[in-house]
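Note that the structure is predicted; figures quoted are calculated from it, not measured. Lettering follows sequence order; numbering is per chain, from 1.
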Number of protein chains: 2
Amino acid sequence: MPTQRIVVLAGGIGGARFLRGLKSAVPGADITVIGNTGDDIHLFGLKVCPDLDTVMYTLGGGIHEEQGWGRAGESFAVKEELAAYGVGPEWFGLGDRDFATHIVRTQMLAAGYPLSAVTEALCERWRPGVRLLPMSDDRVETHVLIDDLDAGAPARKAVHFQEYWVRLRAGVPAHAIIPVGAEEAKPAPGVLEAIAAADVILFPPSNPVVSIGTVLAVPGVREAVAAASAPVVGLSPIVGDAPVRGMADKVLAAVGVESTAAAVAGHYGSGLLDGWLVDTVDAGAVEAVEAAGIRCRAVPLMMTDTEATAAMAREALALAEEVRA
Amino acid sequence: MPTQRIVVLAGGIGGARFLRGLKSAVPGADITVIGNTGDDIHLFGLKVCPDLDTVMYTLGGGIHEEQGWGRAGESFAVKEELAAYGVGPEWFGLGDRDFATHIVRTQMLAAGYPLSAVTEALCERWRPGVRLLPMSDDRVETHVLIDDLDAGAPARKAVHFQEYWVRLRAGVPAHAIIPVGAEEAKPAPGVLEAIAAADVILFPPSNPVVSIGTVLAVPGVREAVAAASAPVVGLSPIVGDAPVRGMADKVLAAVGVESTAAAVAGHYGSGLLDGWLVDTVDAGAVEAVEAAGIRCRAVPLMMTDTEATAAMAREALALAEEVRA
C-alpha cells in the first residue's frame, strides 16, 4: 500500500492534540499540517505564532501538557523584567523558553526568510513528524469587533484576536470576526499542492471560525479543498452543544452559527465536507447532517488521551474510506 | 555652593565602579556620563549595549557584583533554547533578565526612537542617579584587526570587538583598533553641551583605547574636551605596568602605546589632560608625566570597595581644583 497522504487544517491546542492521535493511529502516514496564522501577534517587537508553536511543541515533545500551550518546565524571568520596565502587555504569558523561539523566528524573518522557511527551520529542532506549513507567508491577523465601552456613545472597535481571547477571555460579545489581510494573502508554498495531492483531508476539532475558518479564508484554500479529489472529513469541536474546550461558542455566535455539532457541519457545508463525526451524545444530529448531504457518524470525541484520540482519527479515516467508496 | 557639574567619559566595568565611588564622594553633584557604544553588538536580532548597561545596572543596583557585568540573580533559559535551535553565538553570555533590556531597547529603536531616548527610558526604571548619554545615536562598532589563520596565505581580518574580547579573550595579537562608523557619527544630543558646561571632566580608569578612545573618536568630542573650560583629570587604568582588570595592555599594544601609567597619560596628551592620577606603586612616573605638561599625583588606585573608590574620586576632584587654581 502506498504511503497515505493526509492533509490536516489545524488551529492550536485541539488541532495539535488531534494530530498526536493521528500520528499514533497511522504512524507511516505522510501528514501535512496547514496551520492557522491568524492568531499571530507581534509582542515586544517579536513575531509570535501561537498556533504553529502549539503544534510544533506538542508533536515535538516540548509542550506544557496540562496547559496545552507554551513550554514544559517554563520560567518567566524575561516577562517579569519587561513588566519592571513597564513594557506590556502583561496578559500574554510568554515564558523564557518560548521567547527563544520568537527571537529566532523574528531574526530569520528580518533576514528575509518567509514564515514557511522559518517554520521549517524551527521544526528541524522539534522534528514534529509532520510537515508543518503556515497557511500563508503573508500577514493575516484576526481581529474581533466588540463594543467600545470607553466611547461616549454606543460604538464598536476591533481588537486583536489574542486580546479578545486571552485578555478578555471572550467575555464580551463578539459582533464580527475579521481576518485582516486575508483577502490579499497567498497560500504558503506547498499548501495548494498538498491539498491537491492529498488522499484524505481532515478538519480536526479545532475552532471552526478563528482556526479552520481563517485557514479557509486565504484565497484559494477553500476552493482547493472543495475541488480536491480526496474525501474531506471533519470532527465536531462541539459536544453536547458546548465546545469541548476553549470558547468556540462565542465566535460561532459572531458568525450567526448555533453551537451545535450539526450547525457547525452546516457552516462548513456539503460543498466542503464529505464526512462529519459527532460525539455519541450528539447522535441525534446524525440524521440532520446527512440530510444536508454530509455523511455522518456518532463516535466518542473526547480527546482524553492519545489512545482515545487515535481512535477518533481512525474513525475519521474510516469515514473517509466510506465516502470514497 | 552651586551644584558641581561633572562629566565622565565611561566604558563598562571600570567606569561603572568609578562612578559608584564618585556618587558616594559627591552625592549632590550633577553627573553626566558619556558612555561608550563602540562595543555595542547585534545579537539574535537584538541591539545589545554592554557598556551602557553595565553603567545602568551598576548604578541602579542590578549588577552581578562579582562578575561586574550582567544581572544579579540571572538565569539562562533563553540562551539554552537558542543553542538548542543551533542559533549562536554561544560565547556571549546573555541572561534572561538581560534579554529583556535588549528586547525593550530593540523594540523602541524599531519604533524610531534614537538610542539616547531609549537609554533615558531604560534609566527611568534603573534611576542610576546620573544622566547617562550614549556617545552617539549613530551606529559605531569597534572592530579589531587580527591575523586570519584560516586564510591560505598570511592575511588579516577584522572581527567585532566583542568577538576579540569575549570569544578570543584578547588572546591573539591585535594589529589595529577600528571604530567603524565613528567618522560619520555625530555626538548624541546633550553630549557637547554637557562637556562645554562642565565644571570638571573625568576620565575614569576605563580602557583608554576601546572605551574612552572610542568616545573621543566621535567627531567633535575630543575637540570639545580639549576646548572645555573645565579641568580634565584622568585616572590610570594601568597600575604597576599592568591593567587593573581587563586586557587593556593588548589594545594599547595595537596602538603602539606601552602599558605604563605614564605612557597612557602621554597617549591622551596634555592637549586633552590637565591632571593624571597614577597609583602609589607608579609614583616614579609622576615626574615624567609632569614633564609632559600634565599635573600628576600618585594615590591608591585600586577600586577594592566603594569607599576606596570614593577616595579616588575625591583625589581626582582635588587635583582638578589644583589645576584650576
Query - Portion of Ser75(A) that has a non-hydrogen atom of chain B nearer than 4.5 angstrom - result: side chain
Query - Glu74(B) portion near chain A, given a 4.5 angstrom heavy-atom threshold - result: neither
Query raised in the report: Relative to chain B, which segment of Ala110(A) carries a heavy atom at a distance below 4.5 Å: side chain, backbone, both, or neither?
Result: neither
Query - From OG1 (Thr101(A)) to OH (Tyr85(B)), nearest 0.5 Å - result: 2.5 Å
Query raised in the report: Does a sphere of radius 6.0 Å around CD in Glu120(B) hold more than 12 heavy atoms from other residues, nucleotides or ligands, not counting ones at 6.0 Å or beyond?
Result: no
Query raised in the report: Can you find a pair of side-chain heavy atoms, one from Phe76(B) and one from Asp96(A), that are under 4.5 Å apart?
Result: no
Query - Residue pair Thr106(B) / Phe44(A), side-chain heavy-atom distance below 4.5 Å - result: no
Requested in this report: Check whether more than 12 heavy atoms from other residues, nucleotides or ligands sit under 6.0 Å from atom NZ of Lys157(B), and answer yes or no.
Outcome: yes
Query raised in the report: What distance separates Ile103(A) CD1 from His102(B) NE2, expressed to the nearest 0.5 Å?
Result: 10.0 Å
Report task. Write down the atom of Glu81(B), the atom of Ala100(A), and the distance for their closest heavy-atom approach. Result -> CB-CB, 3.2 Å
Requested in this report: Among the options Glu124(B), Arg71(B), His42(B), pick out the one with the most heavy-atom pairs lying under 4.5 Å from chain A.
Outcome: Arg71(B)
**Report entry** Winner by heavy-atom pair count (cut-off under 4.5 Å) against chain B, out of Leu122(A), Val87(A), Leu46(A)
**Finding:** Leu122(A)
Query - Top contributor to chain B interface from Ala77(A), Ala84(A), Gly45(A), Ala121(A) [non-hydrogen pairs under 4.5 Å] - result: Ala84(A)
Query raised in the report: Hey, does Val78(B) have a side-chain heavy atom less than 4.5 Å from the side chain of Arg97(A)?
Result: no
